Amino acid sequence: MIRQKSFENEMPTLYLVPTPIGNLNEFSPRAVDVLKSVDVIACEDTRTSGQLLKHFDIHSRLICCQNFNEENSAKGIVELLERGQKVALISDAGYPLINDPGQKVVMMAVEHGFNVVPVSGPNAMLDALVASGLTAQPFIFIGFLPSSENERRKKLNEYKNYPMTMVFYEAPHRIHKCLASMLDVFGDRKCCLARELTKVHEEFIRGTISEILEVCDDLKGEMVVVVEGHTVEFQPDADYSLIMNMINESMANGMTKSEAIKDVASRTGIARNTIYALVHGTSRC
Ligand code: SAM
């Protein structure tokens, strides 16, 4: 488990900075300050982001991070962080990671123990999700669970087999009971508790449900719990229709067959060539 007290340590930081989806007046003063303060800004398209930076008189160095080069970009960004540089990640518009590059960058930065700090005030769920270090997409936002133990467990049982990352809101006086119910119903999944987002005592605790349960009694403030979805333990025959449904769903959402295979592989953790074989009928008698 890693506890990141965002403003109380000396580790280099990767800032996740959502940019306006339309109206430039909606960019926050803090976002501008952060982009001015970092050494490097990783963006999708240097021409598009160059215009944003020009508008706000920001002169930090721009580098490119796109889906096709994200693995290499992530390595490059981790090297910059290792050299003590401050890095911000932006996309053409909106949140990085939300249908935009950034997932690998965040995962690698978290794995290497660097701070990952979201810079956006209006919504706790998205800030927690993109900086959690868990798969940001697909996700489901659930919000508060019922306070009655029976009702809470009933709800959690409904969500138990959801393959997508789940985002919950919780109050500090109920966090212990909430995590204990999750541990019982979901098992010991990866989890991130994000609290006091964007405030002085902002903290991300990234670990498993049981690890976070051990430290949660002392936690104060507003909190979001991000929990890994159900990972499929793959049994080719039993899960054939499940996989095919996921492939068909991805294709109905506009993906090509090979994009759908890649997508389902990343959502389920099943090897891409195994799914390829299933889809093309070479692995079943
Ligand atoms: N409308 C708000 C939003 O967009 O995030 C949520 C309002 S809800 C009534 C309040 C809950 O949101 C809190 O109990 C907490 O779970 C979460 N929350 C709000 N601000 C937060 C923050 N700064 N850090 C972590 N969680 C926060």
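For ligands, and for the atoms within them, numbers begin at 1 and follow the listed sequence. This structure is a prediction, so every number in the text was calculated from the model and none was measured.
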(request) Identify the two heavy atoms, one from T19 and one from D92, that lie closest to each other, and give their separation to 0.1 Å. (result) OG1-O, 3.8 Å
(message) Out of all atoms in ligand 1, which are within 4.0 Å of some heavy atom of K199? Include the element for each.
(response) 23 (N)
(request) For atom 16 (O) of ligand 1, grab the closest protein heavy atom and report residue, atom and distance to one decimal in Å. (result) M223 O, 2.6 Å
(message) Can you tell me if V224 contacts ligand 1 (heavy atom of the residue under 4.0 Å from the ligand)?
(response) yes
(request) Please could you name the atoms of ligand 1 that P122 approaches to less than 4.0 Å, counting only its heavy atoms? (result) 4 (O)
(request) Mind jotting down which residue pairs meet the ring-ring contact (aromatic ring centres under 6.0 Å, His included) criterion with at least one end in residues 81-138? Sequence neighbours excluded, please. (result) none
(message) How far is atom 23 (N) of ligand 1 from the closest protein heavy atom, and which atom is that?
(response) L197 O, 3.1 Å
(message) Quick check: closest heavy atoms across I175 and C216, and the distance to 0.1 Å?
(response) CG2-O, 3.8 Å
(message) Under a 3.5 Å distance rule, please check whether N248 uses its side chain to pair with a backbone N or O of N245 as donor and acceptor.
(response) no
(request) Would you check whether N123 has a nitrogen or oxygen atom less than 3.5 angstrom from a nitrogen or oxygen atom of ligand 1? (result) yes
(message) Just to confirm my output: which protein heavy-atom neighbour is closest to atom 18 (N) of ligand 1, and how far is it?
(response) A124 CB, 3.5 Å
(message) Tell me whether E149 is salt-bridged to R153, with the criterion being a basic N under 4.0 Å from an acidic carboxylate O.
(response) yes
(message) Minimum distance, heavy atoms only, to atom 3 (C) of ligand 1: which one of F141, Y169, F144 is it?
(response) Y169
(request) Look only at interatomic distance and state if M125 has a nitrogen or oxygen under 3.5 Å from any nitrogen or oxygen of ligand 1. (result) no
(request) Please lay out, stage by stage, how E259 and K262 fare under the test salt bridge (charged side-chain N to carboxylate O under 4.0 Å, His left out). (result) CA-CA 5 Å; E259 285 167 345; K262 200 170 157 192; over 6 Å; no
(message) Within the 4.0 Å heavy-atom shell around E196, which atoms of ligand 1 are there?
(response) 23 (N), 24 (N), 25 (C)
(message) For residues M244 and Y276: do they belong to one hydrophobic cluster (side chain heavy atoms under 4.5 Å, members Ile, Leu, Val, Met, Phe, Trp, Tyr)?
(response) yes
(request) Flag yes if more than 12 heavy atoms outside K154 fall under 6.0 Å of its NZ atom; otherwise flag no. (result) no
(message) Using every non-hydrogen atom in the two residues, find where A88 and V17 come nearest and quote the distance to one decimal.
(response) CB-CG2, 4.2 Å
(request) Indicate yes or no: does an N/O atom of A194 lie under 3.5 Å from an N/O atom of ligand 1? (result) no
(request) Answer yes if the ring centres of F141 and Y169 are under 6.0 angstrom apart, and no otherwise. (result) yes
(message) Within ligand 1, which atoms have a heavy atom of E170 less than 4.0 Å away?
(response) 16 (O)
(request) Considering only non-hydrogen protein atoms, determine which one is nearest to atom 25 (C) of ligand 1 and report residue, atom name and distance to 0.1 Å. (result) E222 O, 3.2 Å
(request) Mark the output for G143 as yes if a heavy-atom distance to ligand 1 is under 4.0 Å, and as no if none is. (result) no
(message) Protein non-hydrogen atoms only, distance under 4.0 Å: does atom 14 (O) of ligand 1 have such a neighbour?
(response) yes
